[in-house]
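Below: the structure, in structure tokens.
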Number of protein chains: 2
Amino acid sequence: MAKKSNATIADVARLAGVSTATAGRVLGRYGYSKEETRAQVMEAAKKLGYRTNALARSLITGKTRTIGVVAGDIQNPFYASILRGIADVVESHDFGLLIVNSDENLQKEIGAVNLLLEKQVDGLIVSPCDTRNAQHLRDLHADGLPLVLLDRTVSGLDVDRVTVDNITAAERGVQALIAASHHRIGFVGELLEDLEGGLDGFVKRGLEGDVLSTDTLYPSWQRLLGYLRAHRRAGLPVDCSLICRVGAYSAKAAEKVVGEFINKPDRPTALFSNDGTMSEGVIRAVSAAGLTVPDQLSLVCFDDLDWMDFLSPGISTVAQPRSAMGESAATMLLERINGSEVAARPVMMPAEFIERGSIAICQ
Amino acid sequence: MAKKSNATIADVARLAGVSTATAGRVLGRYGYSKEETRAQVMEAAKKLGYRTNALARSLITGKTRTIGVVAGDIQNPFYASILRGIADVVESHDFGLLIVNSDENLQKEIGAVNLLLEKQVDGLIVSPCDTRNAQHLRDLHADGLPLVLLDRTVSGLDVDRVTVDNITAAERGVQALIAASHHRIGFVGELLEDLEGGLDGFVKRGLEGDVLSTDTLYPSWQRLLGYLRAHRRAGLPVDCSLICRVGAYSAKAAEKVVGEFINKPDRPTALFSNDGTMSEGVIRAVSAAGLTVPDQLSLVCFDDLDWMDFLSPGISTVAQPRSAMGESAATMLLERINGSEVAARPVMMPAEFIERGSIAICQ
DNA sequence: CTGAAAGCGCTTACAG
DNA sequence: CTGAAAGCGCTTACAG
């Protein structure tokens with residue numbers, strides 16, 4: 001049995017000797033049906049290899065049981081883990097998962113959202129590449145489409161979101177370095193976006209007190225804030241020349257910039273690398289410079305990538321709960337899809353500092 | 001403008017003062033339409049924030065411009081890179097990408113395929129978890145659905161596929177070790193499946209000459225074949241006790257088994273680790289045993305993971321062309337979807353041996 | 001509990 | 001070049 005999966009409800013109904021309405025009721029598991037009728041229809045369906053056409057059903061019900069995700073790059077371990085978390089909850093609810101990469105490019109993001117909307121997804125999880133320029137996302141929400149923001153937020157868009165408490169997390173990592181008597185701690189981050197007042201202005205404000213509305217700041221800037229706060233609370237001055245602004249989100253770029261950075265005579269005694277991809281570049285640069293970790297240079301990274309554990313020495317790092325982030329985002333989205341109308345939930349997850357062997361006491 | 005994306009073609013047609021057929025023609029870019037009419041319709045569409053409902057279109061055309069992928073685990077760097085390759089070609093053709101994890105579990109795979117079929121994907125890329133028990137995949141092909149197999153093949157299913165030339169690749173890696181005078185080379189692989197004749201029988205056959213029909217063998221067994229072939233061609237005997245069968249696809253499991261393996265008095269002088277995940281376990285075990293690579297133990301891995309390059313010493317490895325594998329699979333699938341009826345293409349991609357610092361001359 | 005009819009939002013012949 | 005009508009494969013009221 002079961003061949004040619006192009007049988008329709010009409011075919012099944014005909015073979016079973018019932019109306020399409022009845023056949024539809026038993027095959028779609030809605031409405032009433034007599035035990036006997038059900039058996040007949042099921043048998044006919046089996047004989048014909050009937051398979052529901054979700055398209056037709058969705059056209060009527062207005063629900064596709066499919067959600068869309070716009071991620072920066074599914075190949076990046078950060079997103080890969082988050083996606084796994086999303087996929088786990090989505091799959092357990094028998095939903096489909098449509099995934100598109102944005103490469104952190106606004107035009108691609110807009111195109112991706114459009115594609116997903118045309119396919120009528122029931123909801124969207126987006127890691128927005130631009131926190132201000134995001135009218136397409138605001139429109140989505142205004143149209144009532146369930147939407148969850150991931151990793152970043154968007155100004156003027158009050159929807160469910162899951163982010164990491166980057167400030168506290170970075171502060172914790174830098175504190176560990178300060179506790180080991182380091183006073184010249186380099187900060188390595190992409191710090192891509194241009195902020196008003198520039199880097200110097202930002203540092204000045206960050207040192208004067210906690211910056212308000214840090215929500216829509218990009219993660220690397222938030223982490224810089226944590227770096228500043230750790231210094232401020234320890235009563236330590238900040239040397240702006242120790243802030244290494246890579247200016248691109250790539251391990252190669254980080255390697256190059258950090259290479260020059262640590263080859264200067266007044267190089268830092270420790271480095272705080274603000275991201276997994278940056279960290280790869282840092283490790284390469286440090287190794288190329290022939291510096292030993294932690295003896296000649298202490299190191300704390302961000303995001304616990306597989307290799308940080310077995311690299312020798314183990315890399316102390318701030319671990320983001322990646323899978324849990326994905327699970328949380330997906331769970332909230334499904335709740336919205338199921339009609340929840342609670343106020344927007346700004347889920348900010350804590351990151352855990354993992355102490356390993358990359359910090360030495362500064363002499 | 002552009003709000004409420006629930007306007008239909010009928011709404012646009014009404015506002016533009018034309019028939020739905022005409023509105024459909026201009027919005028769907030098919031059939032003829034006068035320049036003037038087109039302008040009117042476009043303006044009405046813009047005013048209403050019209051967006052195509054791909055569901056309705058697909059129901060008629062029978063095409064969804066969406067493909068499905070069943071991967072083992074999207075979080076695994078092997079699959080993550082392949083998926084990126086797939087996504088790149090799919091996105092460039094304006095197709096959607098539906099992804100499901102199988103966790104290498106047959107029941108989940110069957111469920112995944114079913115979900116994707118109900119959503120009417122135009123084609124499927126599957127890394128089958130079972131090379132024999134795969135009637136659901138054979139049925140797919142019999143039904144005429146475009147299907148491409150990834151990484152593994154299925155016996156009795158002659159469709160497009162992209163695999164790696166595992167035998168040659170592994171042979172090349174082991175050769176490098178033999179060339180450095182190693183005679184006691186351990187092989188670490190999951191070797192999950194039970195083959196007739198067991199491991200011993202397999203080794204015996206592998207040493208007698210090239211095993212026929214290696215196609216449907218699982219990758220780790222193919223790689224073992226490469227290990228055997230390298231020995232045979234070098235005139236070296238094979239000690240079965242050096243073949244470390246992990247029996248599970250997990251770094252943890254590999255770490256445990258390899259830990260015991262290399263703590264024995266007659267431990268190998270070199271290790272060939274047959275997979276990225278196994279390699280993680282191997283590195284942890286080696287490091288826990290306090291052995292120095294390559295001085296006390298030489299090492300060659302499989303699949304070039306990020307860390308293999310910057311781990312010190314660099315890990316010599318056999319690199320699989322992951323992104324290219326995904327691109328190739330997706331390209332072939334789209335060709336089939338576009339009607340290509342050439343004979344099934346068994347694409348077997350070469351893996352490149354990357355020499356770094358993990359091999360020392362055996363004293 | 002079942003069936004006839006309408007309709008979801010499009011595209012496709014078919015006339016004109 | 002345009003429109004009226006039918007139809008893709010389902011589900012949804014509405015009668016009975």
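Reminder, nothing fancy here: chain letters follow the sequence lines and each chain counts from 1.
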- Salt bridge between Glu193(A) and Arg132(A), side-chain N to carboxylate O under 4.0 Å?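 Looking at Arg132(A) together with Glu193(A), the answer is no, because their closest N to O distance does not fall below 4.0 Å.
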
- State plainly whether the residues Arg38(B) and Glu35(B) are in salt-bridge range, i.e. N to O under 4.0 Å.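 Yes, charged N to carboxylate O under 4.0 Å.
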
[X] [atom1] - [N] [atom2] separation (whole Å):
X	N	atom1	atom2	answer
Glu36(A)	dT2(C)	CD	C1'	13 Å
Asp11(B)	dC10(C)	CG	C1'	13 Å
Gln120(B)	dC10(C)	CD	P	18 Å
Gln40(B)	dT2(D)	CD	C1'	12 Å
Tyr32(B)	dG16(C)	OH	C1'	16 Å
Arg29(B)	dC10(C)	CZ	C1'	15 Å
Leu48(B)	dG9(C)	CG	P	14 Å
Leu27(A)	dT12(D)	CG	C1'	16 Å

Of the nucleotides [options], which has the atom closest to the [X] side chain?
X	options	result
Ile60(A)	dT2(C), dG9(D), dT11(C)	dG9(D)
Thr8(A)	dT11(C), dC10(D), dT2(D)	dC10(D)
Arg57(B)	dT11(D), dG9(C), dT11(C)	dT11(C)
Thr37(B)	dC10(C), dC1(D), dT12(D)	dC1(D)

Can a side-chain donor-acceptor contact be found between [Y] and [X] if the only test is distance below 3.5 angstrom?
X	Y	answer
Ser127(A)	Asp151(A)	no
Glu91(A)	Asn101(B)	yes
Asn6(A)	Arg51(A)	no

- Item | Under 4.0 angstrom between Ser19(A) side-chain N/O and dG3(C) OP1 or OP2 |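 For dG3(C), OP1 or OP2 has a side-chain N or O of Ser19(A) closer than 4.0 Å.
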
- Query: Does Tyr30(B) have a side-chain nitrogen or oxygen under 4.0 Å from the phosphate oxygens OP1 or OP2 of dT11(C)?
  - Reply: yes

- Task: Identify, between Arg38(B) and Leu59(B), the residue whose nearest nucleotide on DNA chain D lies closer to the 5' end.
- Result: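 Looking at the nearest nucleotide for each, Arg38(B) comes out on the 5' side.
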
- Note on the structure: When Gly17(B) and Ala56(B) are each assigned the nearest nucleotide of DNA chain D, the 5'-most assignment goes to Gly17(B)

- Both distances under 3.5 Å, Watson-Crick or G-U wobble: report the partner of dT2(C), or none. dA15(D)

- Side chain Arg25(A) and base dG3(C) donor-acceptor under 3.5 Å: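 For Arg25(A), whose side chain was compared with the base of dG3(C), there is a donor-acceptor pair (under 3.5 Å).
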
